[in-house]
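Reminder, nothing fancy here: chain letters follow the sequence lines and each chain counts from 1. Predicted, not measured: the structure shown is a model, and the values here were computed from it.
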2 protein chains.
Amino acid sequence: MAVFKEKNIRKTAFRQKVLDVFYNNENAVTIAQIESSLGSHDRITLYRTIRTFIDAGVIHEIVMPGDLKKLALCNDCLNKHDDEHHHTHHHKHVHFHCEMCDEIICVDNDLPHINLAGYRVDYIEVQAHGVCPRCI
Amino acid sequence: MAVFKEKNIRKTAFRQKVLDVFYNNENAVTIAQIESSLGSHDRITLYRTIRTFIDAGVIHEIVMPGDLKKLALCNDCLNKHDDEHHHTHHHKHVHFHCEMCDEIICVDNDLPHINLAGYRVDYIEVQAHGVCPRCI
DNA sequence: TTCTTTTCTGCAACAGTGTTGCATAAGTAT
DNA sequence: ATACTTATGCAACACTGTTGCAGAAAAGAA
């Protein structure tokens, strides 16, 4: 859990508590989920913490149509091994949205290559919708 | 432009003006763009019109990380021909975001098939980021 | 056309989400 | 321990989107 040192951001009690929420949840979480996990806290500080975490590459934002926004740990904060491209944050996973339980799951899976004539494609994001293993 | 009849929603002067904004723009537009195109207008009515258009399958919403939200005409409102699956709205195109001009372009392109073991995938969305032909 | 019904519009008020400025508190390096 | 830097918590605010309701407009029928 030396995330703070690795990412070169200050370790504070508040940030540790927020980070723990991510470690305690298997899948992506909403800000509302974080808030209820934290108990009494300052909203503004939370928003700033989230921004700090995103900028540092600790977490990433997942948005879906219909104002569904969640946050999830970046891969290199889960498995501490591949610390190579932690600045070029192009996640090698699919964001899966389960229509049943409404969870968003980062599924490790190689992304397909998309060739668009005339375009320079730097990276792609894939969002899949359906039913997760637990709900099938 | 018999969109109103096709989609079974009432034709009003306001809705026609909003629809024209979409027809006058090649790519996806933000709500702010619509508002400035309209001139003086009622914000609430605009939001309700957008909701009506989305529900009727006239336009679709495109969201990208970083609070970037845009709206675009659905395919079957552009080319009037294929009126088949206008209820199952799984757009057969990639949403391309140009990092230079910040435009979002719906690129006609078959979506790849994604196989996720254990998951039932109903449909996927693909967002590509890079540089569009005009900015290359 | 004119009437009737249904839906839309525009206003007011409000709810949710996220930001900025600033003084104080806490973290980090020497 | 000290000095320096950054984070926190508060207040106030900005932006985005929603709800309720009365009056206006659209669509269908007589």
Residue B:Arg43, side-chain heavy atoms: nucleotide from D:dG17, C:dA12, C:dT28 that is nearest: D:dG17
Nearest to side-chain heavy atoms of A:Arg51, which nucleotide of D:dG9, C:dT19, C:dT28: C:dT19
Lys/Arg N to Asp/Glu carboxylate O, B:Lys69 vs B:Asp67, below 4.0 Å: no
Touch class at under 4.0 angstrom, heavy-atom based, for A:Arg15 against every strand present: sugar-phosphate
Length of the CG-C1' vector between B:Asn8 and D:dG28, whole Å: 13 Å
Donor-acceptor under 3.5 Å (A:Gln127 side chain, A:Val63 main chain): yes
Nearest listed nucleotide, side chain of B:Ile44, among C:dC11, D:dT6, D:dG17: C:dC11
Sugar-phosphate, base or nothing in reach of A:Thr12, heavy atoms under 4.0 Å: sugar-phosphate
Nucleotide nearest B:Thr49 when distance is taken to its side chain, options D:dT5, C:dT9, D:dG9: C:dT9
Toward the 5' end of DNA chain D, by each residue's nearest nucleotide, A:Thr52 or B:Glu61: A:Thr52
Distance test, side-chain N/O of A:Tyr47 to OP1/OP2 of C:dG18, below 4.0 Å: yes
Within 6.0 Å of CG in A:Asp110, more than 12 heavy atoms from elsewhere: no
Plane angle bin for A:His95 and A:His60 - parallel if under 30°, tilted between 30 and 60°, otherwise perpendicular: parallel
Touch class at under 4.0 angstrom, heavy-atom based, for A:Lys69 against every strand present: sugar-phosphate
Presence of donor-acceptor pair under 3.5 Å, side chain of A:Arg48 and base of D:dT8: no
Nucleotide of D:dT8, C:dT19, C:dT9 approaching A:Thr45 most closely (side-chain heavy atoms): D:dT8
